[in-house]
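See structure below.
Index from 1, following the sequence.
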Amino acid sequence: MKCLQTVFLTVASSLFLSSRVEAAADLDALVAPAAKYESGESAEPLRQLERLLCESVGAPERHAELESALLRLLAPDAAFEAKRFACLQLAVHGSEAALPALGGLFKQDETVGIACFALGGLRSAKAGDLLRAALPDARGTARLQIVEALGHRAEAASVKPLADLARDADGALARAAIRALGAVDAATAREAVAALRREAKPEVAGAVADASLNGAEQLVAAGDTAAAAALCTELLQPTGPRHIRRGAFGLLLRCDADGGAQRVRRTLDAVPPDAELTAVAIAHAVNLRGKGVSKSLGEALPRLPPAAQVLLIEALACRADSDARAIVLTQVGATDSGVRHAAVAAVGSLGDDSAVARLAHALTAAATPEETKDIQLAMASLRGGEKTERAIGDALRQAAAKDKVPLMAVLSRRGGPIAVSALLEQSGGSDEPVAREASQALVRIADGGDTASFAAVQAAAVGGGDARVREVALRTLTAWRGVAAWETLAGIYAKSANDAQHALVRRGLIRIASEGNAAPDAALIGRFRQLLDGASSDDDRKQILRVLSGVKHPDALALALKLLDVPGVRPEASEAVVQIANAIADSHPDAARAALQRVKDGKPTP
């Protein structure tokens, strides 16, 4: 037994060593071409190394082998692109084992930047030590790159060297050092930046402000709102950079015990208004909590300039409470067009039937076609379902003739039984332009194929009541999208003795049938058969043949062939037979060939 175990262990060890050797050989085969990589050449070796690195996460030994392979790409004789690739990977996958090789890159100016990138991301405090050690001897761009890498690492140990460089005669270097100081979340860094603020040197003022704002954010995150508020107040000077003032004010609002409610209101009431802070206050107002907040915001609305009113209306729309909805609705008739537009859009997303009267009035007063469309879209979007449709229908009945058309367009957008009923009512009126527009609005509903509207139109088309309304409903059915109206129309088609009505229904049935031409099936052929059976004249058959000729199906060919025996439509039937036969020649060659021959011979149907 011991003998067998020994043999097993020996074989397993050999296999393991063999696999390690093979893996090493595979890496060698990748590293050699990767080390020579230049831009424009095949990057496949680099892609394979990157994939292997990702796959090695969680496998320490394999990961170490791959890191070692990356370090070979940092050899002096390796191409620059290969070194850059290695540094990009080491920033994510590197360990302290990479530090000596990365340190060697500081010997040449062209490789300092890529070394800084790797060291900036390397998860080891010793990487920061290496950067700080390289700083005294670096010059020009190299020193700037090291400073930026130290800012990325944001270590407290970097505060002293960065603070020294913050007063360097090289302005670009000083500004980079100050911004790096601002990234360090440490009291010593904030103290260093505060000292620079007191010095107030114009050439570095922007960098100092950025670093100061970072410090304030750090204080807020740490819960030291008193210190953060004091610093933000200092940064709010009117002469400060705009983005700094906005950022500081936003932090101040977060520091307030009431969530910023009082500060927001004071800012909105300020005379003259501070445009930058007003915008921040309004953005913050969206999330304010407490009773009466929206009402308080609404009280400030009239005193704001139009641009700020637009922002506040949008904020109130986001708040969406009852006070906010009421305030926004009052602005639908505002003097400024931009304010009106914002209010209308907000009401469209928030309102219900209670907004109909106000929007209907605004619709009659719309100054431009674009404003009319905005209001119509808002009314079409109102919540409240049937209750809202009834309110719009009531507004339509009460409107002057010239104001009815825009309201009918709204109802056609909304659809539904109540909208249909209101439009049918208008279609039967004595005002011809209004009746015509109502009919067109119903056709738009039909074109949308709204299922909820169909039953109301169908009932009006076949029921009693006003003859004109029935005619409009029937015309609407003939325009209905899809096959929903087929059975109703087919029943009328088979029984109608009225020539005009028969022609109208026939056109509707032909249109419905034509919608299925692209994918013919037995149901479609049945529809065409119904059409032909109900045809009362050769003119009827000619119209049907023109559409039937586009049906790529052998049964459609059979229907057309029968009409070759009808003298009054023989030319049209021949044309249809030829067109269908050519269309199905590949799928049904025998039938197509026989049909074409019959047309050629001019023989009657056997």
- Message: Would Asp274 and Arg245 count as a salt bridge (charged side-chain N to carboxylate O under 4.0 Å, His left out) here? Give the steps.
- Response: CA-CA 11 Å; Asp274 186 319; Arg245 297 186 72 237; 2.8 Å; yes
- Test salt bridge (charged side-chain N to carboxylate O under 4.0 Å, His left out) on Arg132 and Asp129 and set out the steps. CA-CA 5 Å; Arg132 287 185 288 273; Asp129 294 338; 2.8 Å; yes
- Message: Under the criterion side chain to side chain contact (heavy atoms under 4.5 Å, CB included), I'd like the reasoning laid out for Glu314 against Val310: C-alpha separation, chi angles, the key distance, then a yes or no.
- Response: CA-CA 6 Å; Glu314 291 171 351; Val310 169; 3.8 Å; yes
- Item | Test salt bridge (charged side-chain N to carboxylate O under 4.0 Å, His left out) applied to Asp323 and Lys295, step by step | CA-CA 6 Å; Asp323 285 340; Lys295 184 177 180 181; over 6 Å; no
- May I have the step-by-step check of side chain to side chain contact (heavy atoms under 4.5 Å, CB included) for Leu105 and Val112, ending in yes or no? CA-CA 6 Å; Leu105 297 179; Val112 171; over 6 Å; no
- Item | side chain to side chain contact (heavy atoms under 4.5 Å, CB included) between Leu524 and Asn517, worked out | CA-CA 8 Å; Leu524 178 65; Asn517 279 13; 4.0 Å; yes
- Query: Where do Leu70 and Leu66 land on the side chain to side chain contact (heavy atoms under 4.5 Å, CB included) test, with the steps shown first?
  - Reply: CA-CA 6 Å; Leu70 289 177; Leu66 288 161; 5.9 Å; no
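Between the side chain of Arg175 and the backbone N or O of Asp170, no donor-acceptor pair lies under 3.5 Å. Distance alone, capped at 3.5 Å, is enough to place a donor-acceptor pair between the His284 side chain and the Gly259 backbone. Between the side chain of Arg62 and the backbone N or O of Glu55 there is no donor-acceptor pair closer than 3.5 Å. Looking at Arg303, its side chain never comes within 3.5 Å of a backbone N or O of Ala270 through a donor-acceptor pair. Between the side chain of Gln309 and the main chain of Val339, no donor-acceptor pair closer than 3.5 Å is present. No donor-acceptor pair under 3.5 Å is formed between the side chain of Arg340 and the backbone N or O of Gln331. No donor-acceptor pair under 3.5 Å is formed between the side chain of Ser68 and the backbone N or O of Ala64. For Gln48 (side chain) and Pro45 (main-chain N/O), no donor-acceptor pair under 3.5 Å exists by modelled atom type. Between the Arg167 side chain and the Ala163 main chain, a donor and an acceptor come within less than 3.5 Å of each other. When atom types are taken as modelled, the side chain of Arg246 and the backbone of Leu277 share no donor-acceptor pair closer than 3.5 angstrom.
The side-chain heavy atoms of Asp28 and Val31, taken from C-beta on, include no pair separated by under 4.5 Å. Thr111 is not listed as a side-chain neighbour of Phe106, based on a closest heavy-atom distance of 4.5 Å or more. Looking only at side-chain heavy atoms (C-beta outward), Leu135 and Leu131 stay at 4.5 Å or farther from each other. Counting heavy atoms from C-beta outward, Arg481 and Glu515 have side chains that approach closer than 4.5 Å. Within the 4.5 Å cutoff, no side-chain heavy atoms of Asp321 are placed close to those of Val293. Under the 4.5 Å side-chain criterion, counting only non-hydrogen atoms from C-beta, Asp352 is not in contact with Lys387. Counting heavy atoms from C-beta outward, Phe80 and Ile114 have side chains that approach closer than 4.5 Å. Here the side chains of Leu196 and Ile178 are in contact, with some heavy-atom distance below 4.5 Å.
Between Arg153 and Glu155, at least one side-chain N (NZ, or NE/NH1/NH2) sits under 4.0 Å from a carboxylate O, which counts as a salt bridge. The residues Asp269 and Arg265 are annotated as salt-bridged, a charged nitrogen and a carboxylate oxygen being separated by less than 4.0 angstrom. Residues Glu50 and Arg47 are not paired through a salt bridge, judged by the lack of any N-O separation under 4.0 Å between the basic side chain and the carboxylate.
Side-chain polar atoms of Thr388 and Arg383 form no donor-acceptor pair below 3.5 angstrom. No hydrogens or angles considered: a donor-acceptor pair under 3.5 Å links the side chains of Glu67 and Ser95. Inspection of the Glu81 and Ser39 side chains reveals no N or O donor paired with an N or O acceptor under 3.5 Å.
Closest of all the heavy-atom pairs between Phe117 and Cys87 is CD2-O, 4.2 Å. Considering all non-hydrogen atoms of both residues, Leu74 and Ala86 come closest at CD2-CB, 3.8 Å. For the pair Ala380 and Arg414, the tightest heavy-atom approach, listed with the atom from each and the gap, is O-NH1, 3.2 Å. Closest approach of Gly260 to Leu288, counting heavy atoms only: C-CD2, 4.1 Å. Residues Leu350 and Arg325 share a closest heavy-atom pair of O-CD, 3.6 Å. Nearest heavy-atom pair, Ile375 versus Val344, reported as atom, atom and distance to 0.1 Å: CA-CG1, 3.8 Å.
For Arg51, the CZ atom is densely surrounded, since the number of other residues' heavy atoms within 6.0 Å is greater than 12. Summarising the local packing, CD of Glu199 is surrounded by more than 12 heavy atoms from other residues, nucleotides or ligands at distances under 6.0 Å. His341 NE2: 12 or fewer foreign heavy atoms inside a 6.0 Å radius. Residue Arg266 places its CZ atom among more than 12 non-hydrogen atoms of other residues, nucleotides or ligands, all under 6.0 Å distant. Around atom CG of Asp521, more than 12 heavy atoms belonging to other residues, nucleotides or ligands sit under 6.0 Å away.
Here the straight-line distance linking atom CZ of Arg263 with atom CG of Asp258 works out to 8.5 Å at 0.5 Å rounding. The CG atom of Asp256 sits 12.0 Å away from atom CZ of Arg254, with the distance rounded to the nearest 0.5 Å. The distance from atom OH of Tyr37 to atom CZ of Arg84, rounded to the nearest 0.5 Å, is 8.5 Å. Going from atom CZ of Arg198 over to atom CD of Glu234 covers 8.5 Å, rounded to the nearest 0.5 Å. Considering CZ of Arg413 and CE of Met379, their distance stands at 12.0 Å, rounded to 0.5 Å. How far CG of Leu71 is from CG of Leu102: 7.0 Å, rounded to the nearest 0.5 Å.
Across Leu150, Val147, Leu144, Ile146, a single residue satisfies side-chain contact (heavy atoms from CB on, under 4.5 Å) together with Leu165, and that is Val147.
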Which pairs would a plain distance check flag for residues 212-220, meaning a side-chain donor or acceptor within less than 3.5 Å of a matching protein atom at least two apart in sequence or in another chain?
from   : atom 1 : to     : atom 2 : distance (Å)
Ser212 : OG     : Arg197 : NH1    : 2.9
Ser212 : OG     : Val208 : O      : 2.7
Gln218 : OE1    : Arg190 : NH1    : 2.9
Gln218 : NE2    : Gly182 : O      : 2.9

